[in-house]
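Input: a single structure, listed below in structure tokens.
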Amino acid sequence: MLWCRRVRERGMEAFKERLAFSWERQVPQCGFVESAGADLRVPECDEVWAYLSTGRTLHDLASVAKGLDHKGKTLPAGCWTVRDESAQTGVLGYANVNEDLAICGEPSLIKLNLEPRAVLSYRNGKPTGKPQVLLNYAPVAREAWKLKATLDEKGRALTSRFVAIRPKPGGPGALYLWAIMNSPVANAFAYDHLGKRDIRIGTMRKMPVPARSPAHETPIEQAALRYRQLATSAGPLFSGASAPDAVKRALLEMDAAVLGAYDLPPRLERQLLDLFAGVERKGVGCEFRGYYPPGLDAYVPLHELISEDYARSTLGRFREAPRTVSPDVLAALRTAAEAYGEE
DNA sequence: AGCTTATAAGCACATATTGG
DNA sequence: CCAATATGTGCTTATAAGCT
């Protein structure tokens, strides 16, 4: 066995002060010498990825490829590549991820020159007219929330700053893929398997996806529609004071629907979600910095955590994870609760 | 089959931005 | 103001596809 210890960027202060590691784990040495191409990095959620390793991957559900590259040095003199949206020539499409892009929104529209003399490589860059998901090629943050997937119903042209994720025939549609790509699972996978530079498609194709089942797909799509509806209508013009809460709740429900489909053991689901503790989630239309309140250590699955019953019950955390609390303690808590007139 | 051309994936370089 | 780091562009190279 080898000790594997990691100091994450946000853990550097703690390391300097008291040599604290952000993460540590003993891993078997044999995995590193099995083959010449073995990856020496150990993902933080390695148990999660091991658990999901036998299922389907994104590659099974969708065509995943970058958008087009224009020519540079070899571009003919006077030939244009990208122009303003209002230009008379060219094809409408997407060239860059704008800083304020929301996952329910659409990247800035622009005119692209798709003529062969202007293009070095098309890949998935040509317009299809069919719904697709656009994924950022450059991470939107250094920390765990790196992905911003947007839904492009029109199937427009795109440059290599985006990855087009296109549903395969017979598989789930773009809305489902959109929800999956914005989920904590996809973001954790990216965080665990990529460096800080690019969202590499060879890696993302290997991302585990939930088993095929209408019992998963319907709730995910419904939750996705609900969140999209709330998040796109909750601008400053419309919102009352409670609107952001409703948006956040809908987002949590979408996450919970996706997580439910992955069906992780509670301990692993908790391990995965803890990756996002205190981390800003950009472009989601609400303030989002983690799932579990500080001090709540039990393995409460997300769908239980956000259920009304759980939120209302002060004893919830103990009742949902009775194995972590001795019967005596539970009994004592019940007595105490009764003494205060609850239940 | 063996050679030639095309494509995809990842990365290298150049420029921009940030921080000391 | 300079050095370090981040970001955008499009180039390089390995592999696949096409061709004779």
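Everything numeric in this text was worked out from a predicted model, so none of it was measured. Proteins come first, then strands; the chains are lettered A, B, ... in the order of their sequence lines, and each starts at number 1.
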Please give, in whole Å, the distance from [N] [atom2] to [X] [atom1]?
| X | N | atom1 | atom2 | result |
| --- | --- | --- | --- | --- |
| A:R205 | B:dG10 | CZ | P | 7 Å |
| A:D69 | B:dA6 | CG | C1' | 15 Å |
| A:Y94 | C:dG8 | OH | P | 18 Å |
| A:H70 | B:dT7 | NE2 | P | 16 Å |
| A:N136 | C:dT7 | CG | P | 12 Å |
| A:K71 | B:dT7 | NZ | P | 12 Å |
| A:L194 | B:dC11 | CG | C1' | 14 Å |

Exercise. With sugar-phosphate meaning primed atoms plus P, OP1 and OP2, does A:K73 contact a base, only sugar-phosphate, or nothing at under 4.0 Å between heavy atoms?
Worked result: sugar-phosphate
For this session: Mind checking A:D198 for me? I need base, sugar-phosphate or nothing, with any heavy atom below 4.0 Å counting as a touch.
Result: base
Would you indicate whether [X], at its atom [atom1], is surrounded by more than 12 heavy atoms from other residues, nucleotides or ligands within a distance under 6.0 Å?
| X | atom1 | result |
| --- | --- | --- |
| A:K168 | NZ | yes |
| A:R212 | CZ | yes |
| A:K154 | NZ | no |
| A:R226 | CZ | no |

Problem set entry | Identified side chain to side chain donor-acceptor pair (under 3.5 Å) counterpart of A:Q132 within the set A:N124, A:T150, A:D152 | A:D152
Seminar exercise, completed: Ranking B:dC11, B:dA9, C:dG8 by distance to the side chain of A:R200, first place goes to B:dC11
Problem set entry | Which nucleotide in B:dC11, B:dA9, C:dT9 has an atom nearest any side-chain atom of A:Y137 | B:dC11
Problem set entry | Backbone N/O of A:L147 and side chain of A:N187: donor-acceptor pair under 3.5 Å | yes
Exercise. Of A:R197 and A:I201, whose nearest nucleotide on DNA chain B comes first from the 5' end?
Worked result: A:I201
For this session: Establish, yes or no, whether the cationic atom of A:R270 lies under 6.0 Å from the six-membered ring centre of A:Y292 and within 45° of the ring axis.
Result: yes
Seminar exercise, completed: In numerical order, the residues of residues 117-127 of chain A whose heavy atoms come under 4.0 Å of DNA chain B are A:S121, A:R123
